Amino acid sequence: MLVKNEKKFCDAHFHYADCLEKQAYDDNVNIYACSCAHSIDEWNIQKSMKNSNPNSVCSFGLHPQSGEYIDIEKNLSFLEKLLINGEVKVLGETGFDYFTEDFKNQNDKQEKMFIKQLELAEKYNVPVVIHCRKANEKLFEYSGELKKLPSVLFHSFMGTSSEALSLLNKNINGYFSFGKQMMNNNRKVISCVKELPLDKLLCETDAPYQFLKGETKTKNSQIKEIYSAFISFRNEDESIIFDQLFKNFNAMFCIT
């Protein structure tokens, strides 16, 4: 358990099962974190995360890249059973990925999975984690559906600060999380971190992915380095930032 006055680090997005596979999970750090699983096998592994980290949140969703190699209907049915039984209270990550032509050519499957998952999220009133690469126009296309949800995390958001503010102006209860791109001089990311309201921001590792040049993986414990980068771009006192990001994490994932 965290002791009084200990800094509360929150990792809004990582992948527990993949971290275990790539030896990128440190169970000696106490971090408030949300892990996403994208297959039934990953979910069954992820369920054990609570044993090492009671402050964790488990999410399940059909990733936009997965349409070619999963049984979509089977996974949607599994997701709804988790929602019915209250085993999962966050849906995702889901969204769109047009990063390559191959991914973009899977648009029909991506759209089908996304629509079905938005319907489930609204039906069971749960937050959603969004993955979106090279497809920000789709976020605005579905803004009417997104604003019906309790909260939406735009994980590793790669749009401009103006686009982020425009999404918020659509009455979406959105949060924007950022990781190592802050440490890689990504101008869009740094602009968002500097310019967006603090009460709409979160940090993430996306562990074991999203690593810097010369690295082969990101560890969940590196959230502390990411916090340091985040703090360096903000003008607020460090204690204010820690307190607000903790509040944001609880608000995003509907933790009371």
Side-chain angles (χ1 to χ4, degrees), residues 10-27 29 31-97 103 106 109-110 112-114 116-121 123-124 126-133 149-156 175 177 179 202 204-211 217-221 223 249 252-255:
C10 299
D11 185 351
H13 186 80
F14 86 111
H15 305 275
Y16 178 77
D18 291 340
C19 280
L20 290 185
E21 180 182 348
K22 295 181 181 296
Q23 298 182 320
Y25 186 77
D26 183 354
D27 59 7
V29 294
I31 300 168
Y32 291 77
C34 177
S35 172
C36 289
H38 301 131
S39 71
I40 296 171
D41 287 343
E42 283 184 9
W43 172 261
N44 290 331
I45 294 170
Q46 186 175 264
K47 287 192 300 184
S48 67
M49 180 175 60
K50 285 282 186 180
N51 296 329
S52 61
N53 186 357
N55 298 317
S56 58
V57 177
C58 292
S59 179
F60 182 86
L62 282 66
H63 194 284
Q65 294 177 10
S66 67
E68 287 297 292
Y69 59 84
I70 65 167
D71 183 325
I72 294 175
E73 295 303 326
K74 179 180 179 181
N75 278 266
L76 285 171
S77 177
F78 180 78
L79 170 58
E80 184 158 23
K81 287 179 182 177
L82 292 178
L83 290 165
I84 290 171
N85 295 332
E87 293 180 69
V88 65
K89 297 181 180 179
V90 181
L91 192 158
E93 63 196 281
T94 181
F96 295 91
D97 197 317
F103 291 158
Q106 297 171 23
K109 288 184 178 180
Q110 291 188 28
K112 176 184 177 180
M113 293 190 295
F114 187 66
K116 292 290 187 180
Q117 288 177 95
L118 287 187
E119 290 173 351
L120 289 174
K123 180 178 179 180
Y124 295 98
V126 295
V128 168
V129 178
I130 297 289
H131 169 107
C132 189
R133 290 201 302 177
L149 306 179
S151 54
V152 179
L153 176 66
F154 298 99
H155 115 78
S156 191
Y175 295 84
S177 59
L202 284 161
E204 65 163 78
T205 61
D206 201 7
Y209 306 109
Q210 219 178 96
F211 40 82
K217 60 188 174 185
T218 290
K219 293 185 177 182
N220 68 316
S221 56
I223 190 65
F249 183 87
M252 167 59 218
F253 296 109
C254 299
I255 300 170

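Numbers here are sequence positions counted from 1. This is a predicted model, so every value here is computed, not measured.
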Under a 3.5 Å distance rule, please check whether [X] uses its side chain to pair with a backbone N or O of [Y] as donor and acceptor.
X: Q110; Y: F103; value: yes
X: S59; Y: C36; value: no
X: T218; Y: Y209; value: yes
X: T94; Y: G61; value: no
X: S48; Y: I45; value: yes
X: K219; Y: A207; value: no
X: D11; Y: T205; value: yes
X: D18; Y: P208; value: no
X: Q46; Y: E42; value: no

Atom [atom1] of [X] and atom [atom2] of [Y]: how far apart are they, to the nearest 0.5 Å?
X: K81; Y: F60; atom1: NZ; atom2: CZ; result: 12.0 Å
X: C132; Y: F96; atom1: SG; atom2: CZ; result: 8.0 Å
X: H13; Y: S177; atom1: NE2; atom2: OG; result: 7.5 Å
X: C34; Y: M49; atom1: SG; atom2: CE; result: 7.5 Å
X: H15; Y: L20; atom1: NE2; atom2: CG; result: 13.0 Å
X: E93; Y: H63; atom1: CD; atom2: NE2; result: 4.0 Å

Quiz item: Centres of the F253 and Y32 rings: under 6.0 Å?
Solution: no
For [X] and [Y], which heavy atoms make the closest approach, and how far apart are they?
X: C254; Y: P150; result: SG-CB, 4.1 Å
X: V90; Y: V88; result: O-CG2, 3.0 Å
X: N75; Y: H38; result: OD1-O, 4.4 Å
X: Q210; Y: G179; result: OE1-CA, 3.6 Å
X: I70; Y: M113; result: CD1-SD, 4.4 Å
X: N220; Y: D26; result: OD1-N, 2.8 Å

Do [X] and [Y] have side chains that get closer than 4.5 Å, going by heavy atoms?
X: L149; Y: L118; answer: yes
X: Q65; Y: R133; answer: yes
X: F249; Y: L153; answer: no
X: H131; Y: D97; answer: yes
X: L82; Y: W43; answer: yes

Quiz item: Around atom NZ of K217, are there more than 12 heavy atoms of other residues, nucleotides or ligands at under 6.0 Å?
Solution: yes
Quiz item: Stepwise, does the side chain to side chain contact (heavy atoms under 4.5 Å, CB included) test hold for F114 with I130?
Solution: CA-CA 10 Å; F114 187 66; I130 297 289; 3.6 Å; yes
Self-check item: Cationic N near anionic O, under 4.0 Å, K116 to E73
Solution: no
Quiz item: What do the steps show when you test L83 against K123 for side chain to side chain contact (heavy atoms under 4.5 Å, CB included), and what is the final call?
Solution: CA-CA 10 Å; L83 290 165; K123 180 178 179 180; over 6 Å; no
Practice problem: Evaluate the ring planes of Y16 and Y25, with Trp represented by its six-membered ring, and classify them as parallel (under 30°), tilted (30 to 60°) or perpendicular (over 60°). | Solution: perpendicular
Quiz item: Would Q117 and V128 count as a side chain to side chain contact (heavy atoms under 4.5 Å, CB included) if you check the C-alpha gap in whole Å, the side-chain angles of each, and the deciding distance to 0.1 Å?
Solution: CA-CA 9 Å; Q117 288 177 95; V128 168; over 6 Å; no
